[in-house]
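Here's the structure we're looking at; comments come further down.
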Amino acid sequence: MERILVIGSSGQIGSELVLALRKIYGGENVFATDIKEPTPEVSASGPFDKLDVLDFNNLLHYVVRYNITQIYNLAAVLSGNAEKIPLQAWDINMKALMNTLEVARQTDAKKLFWPSSIAIFGPTTPMENTPQLTVMEPNTVYGISKLAGERWGEYYFHRYGIDFRSVRYPGLISYKTEPGGGTTDYAVEIFYEAVKNASYECFLTEDTGLPMMFMDDAIINTIKLMQADADKLSLRSGYNMAGISFDPKGLAAEIKKLMPEFTITYKPDFRQAIADSWPASINDEIARNDWGLEEEYDLEKMTKVMLEKIGEKLGN
Ligand code: SER
C-alpha cells in the first residue's frame, strides 16, 4: 500500500490534490503537511501535521516514522512574490527541493513529484507552441529555481534511482483555494471580482497570452503521471503541459457572455515583464504520447464553472 506525503497541502494545488489522493488511496494513507493551517476539508478527511520542509531532520523523521513511499512536494514561493525577495525565494524553493530529494535518497520514499512551471522558459524561447526542448533562459528568480530544480530531479534519477516526476504547470485556475503571488493569478482574481463587483482591473495588458489550466485537469493529470509505468516515461525533467491559452481580453469576453454587465480595465504592473517572458502557448505532445495527458475543460466550460462556484461560495 502506498503511503503518501503531501508537502504544501494548504496551498492552491495541495488542498485539492490531497482530497483527490485520499479518494484513491484512503484518507489514512495520505499525510497532509504544511506550515499553514489546513482547509476544513483537508483536516476532516485524514491526517494533517505542521511540518516545515526546510527543516531536514524533521522531514526525514516524519518520512521514516510514517513509512512514506511517495512524496508530492508543492512548497514554493511563486513568481510575483519571488521577485520581491529574490535571495530568500531562491533559498526556500531550492532548499525545499533538495531536502526532499535527499530524504528520498535516504529512505523508502523513492517516488517524488515536484512541480515545474512555464516559468522555466524566458524571453529568448519561441513564444508560440513552445516545444519541450528549446532555448531556456528564464530571467525570473522563480523560473531560474524551477529550471535548476528540473536539472536536479533528473540528476537524482540517473545518479541515485529516485523516481522523480514533474510537469511544467501552466497557470492554474481554481475556485477552492486561491493562489498566492503568481503572475497567472489574474485569471483567478478576475472571477472573484466579476462576482463581487462586475468589474476587474487587470495587472496584465489585454493581449498578454498565457497558457492556463483548470485545477481539476491539473490534479487528474498529475496523478496520472505519478501512476504511469516508469518505462513509459521518456523524460525525467518536467513535461510540457499546455492546457488552454488565452489573454485577458479573451477571458473577459467569455465572462461577458454570461455576465453582460462585466467590465475590465487594464493597469499593468511589475508582473507584466514576467508574463512577457513566458510563452503564450505550449506544445505538450510528449506528455500526451508518454502517459496520456488530456484535458476536459476548455475556456467556455471553465468560465461557467468558475462563475457558478464562486457565486455559490460568496453567497450570490
Ligand atoms: N502560476 C505560476 C506563477 O504565476 C507559474 O508557475 O507564478
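In each ligand, atom 1 is the first atom listed, and ligand 1 is the first ligand listed. Sequence positions, counted from 1, serve as the residue numbers for this chain. Note that this is a predicted model, so its numbers are computed, not measured.
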So if I count the atoms of ligand 1 from 1 in the order they appear, which ones are less than 4.0 Å from some heavy atom of [X]?
X      : answer
Tyr142 : 5 (C), 6 (O), 7 (O)
Ser79  : 3 (C), 4 (O), 7 (O)
Leu78  : 7 (O)
Thr183 : 3 (C), 4 (O), 7 (O)
Ser117 : 5 (C), 6 (O)

> Do any N or O atoms from the side chain of Asn221 and from the backbone of Asp217 form a donor-acceptor pair under 3.5 angstrom?
Replying inline: yes

[X] bridged to [Y] by N-O distance under 4.0 Å:
X      : Y      : value
Arg105 : Glu102 : yes
Lys50  : Glu37  : yes
Arg168 : Glu150 : yes

>> Is the terminal nitrogen or CZ of Lys146 (NZ for Lys, CZ for Arg) located under 6.0 angstrom from the six-membered ring centre of Trp114 and within 45° of that ring's axis?
In response: yes

>> I need the contact type for Tyr186 against ligand 1. Using non-hydrogen atoms and a strict under-4.0 Å cut-off, is it side chain, backbone, both or neither?
In response: neither

>> Counting C-beta onward and ignoring hydrogens, is there a side-chain heavy-atom pair between Val103 and Tyr62 closer than 4.5 Å?
In response: no

> Starting from atom 2 (C) of ligand 1, which protein heavy atom do you reach first, and at what distance in Å?
Replying inline: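 Looking at atom 2 (C) of ligand 1, the protein heavy atom closest to it is Thr184 OG1, 3.9 Å.
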
